[in-house]
Protein chains: 2
Amino acid sequence: MNQNLANYIKSKRKAFSLNQKDLAEKAGVGLRFIRDLEQGKKTLRMDKVNQVLSLFGAELGVVDR
Amino acid sequence: MNQNLANYIKSKRKAFSLNQKDLAEKAGVGLRFIRDLEQGKKTLRMDKVNQVLSLFGAELGVVDR
DNA sequence: TGGATTTATACCCGAACGGGAATAAACTAA
DNA sequence: TTAGTTTATTCCCGTTCGGGTATAAATCCA
């Protein structure tokens, strides 16, 4: 799923024609975080991830594996 | 959604007749973490949350808001 | 090909997560 | 009630996340 999360963010970002820096600013997180996120880092903090997802009308939730 | 995550864990835990201590041990996380989780703390680390969810065949994923 | 833009990697460091333990509170049963 | 179990609150403290920055690598066009 982490690959999915990373890909979701990456594709959404590109769909909005944003670069990582712009996305970081819009989401209110650091550039480093966007990079960790798009590279599938697994130890991210949920609240920060949700800050980014909310820009795209999404959030973290429980899904079946 | 955080309330949902908290409630999901809590109801699953009870469905398996586990107390927080047992769940913590089975998931390989600290008791403090289970408590933070069930009380809806938003700044949890994704990997730790997934450690717990995997016991119930679930995981964190992107969902619509 | 070369220059500009974008992305990736590496470092420092403050802030806070999470483990563990102690204590208190809440709940249940006898 | 009282004892026993479970859950909640609070502390110390090591580990690491995430911001910021600098540098390198990759990508994109003209």
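All chains are named by letter (A, B, ...) in the order of the sequence lines, taking the proteins before the strands, and each is independently numbered beginning at 1.
Residue A:F33 comes nearest to A:K48 through the heavy atom pair CZ-CB, 3.2 Å, listed as atom of the first residue, atom of the second, then distance. The two atoms that bring A:A6 and A:G40 nearest to each other are CB-N, 3.9 Å, heavy atoms only. Heavy atoms only, all atoms of each residue included: B:K41 and B:T43 are closest at CE-OG1, 3.3 Å.
Of the residues near DNA chain D, B:R35 and A:T43, the one whose nearest nucleotide (by heavy atom distance) lies more toward the 5' end is B:R35.
Relative orientation of the A:F56 and A:F16 rings is tilted, given thresholds of 30° and 60° on the angle between their planes.
Rounding to whole angstrom units, CZ of residue A:F33 and C1' of D:dG18 are separated by 8 Å. Atom CD1 of A:I34 and atom P of D:dG18 are 11 Å apart (whole Å). The distance between atom CG of B:L37 and atom P of D:dA8, rounded to the nearest whole Å, is 12 Å. Atom-to-atom, CG of A:L44 to C1' of D:dG19 comes out at 14 Å; the value is rounded to the nearest Å.
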Pair B:Q39-B:L37, side chain to side chain contact (heavy atoms under 4.5 Å, CB included): steps then yes or no: CA-CA 5 Å; B:Q39 285 169 36; B:L37 179 54; over 6 Å; no
Step by step, work out the side chain to side chain contact (heavy atoms under 4.5 Å, CB included) result for B:K21 and B:I34. CA-CA 8 Å; B:K21 181 163 167 285; B:I34 296 294; over 6 Å; no
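Ionic pairing of B:D47 and A:K42 is not present here: no N-O contact between side-chain nitrogen and carboxylate oxygen is shorter than 4.0 angstrom. A salt bridge is defined here as a Lys NZ or Arg NE, NH1 or NH2 lying under 4.0 Å from an Asp or Glu carboxylate O, and A:R32 with A:D36 meets this definition.
Distance alone, capped at 3.5 Å, places no donor-acceptor pair between the A:E59 side chain and the A:N50 backbone. Between the side chain of B:R65 and the backbone N or O of A:S54 there is at least one donor-acceptor pair closer than 3.5 Å.
Of the candidate nucleotides D:dC17, D:dG18, D:dA8, D:dC17 has the atom lying nearest to any side-chain atom of B:R45.
Residues from residues 11-32 of chain B placing a heavy atom under 4.0 Å of any atom in DNA chain C, listed by number, are B:V29, B:G30, B:R32.
For the helix from C:dT1-D:dA30 to C:dA30-D:dT1, the end axes, each set by the C1' atoms of five terminal pairs, are bent relative to each other by 60° (nearest 10°).
Distance check: B:L44 CG to A:R45 CZ gives 9.5 Å after rounding to the nearest 0.5 Å.
Taking a heavy-atom distance under 4.0 Å as the criterion, the stretch of DNA chain C touched by chain A extends 5' to 3' from C:dT6 to C:dC17.
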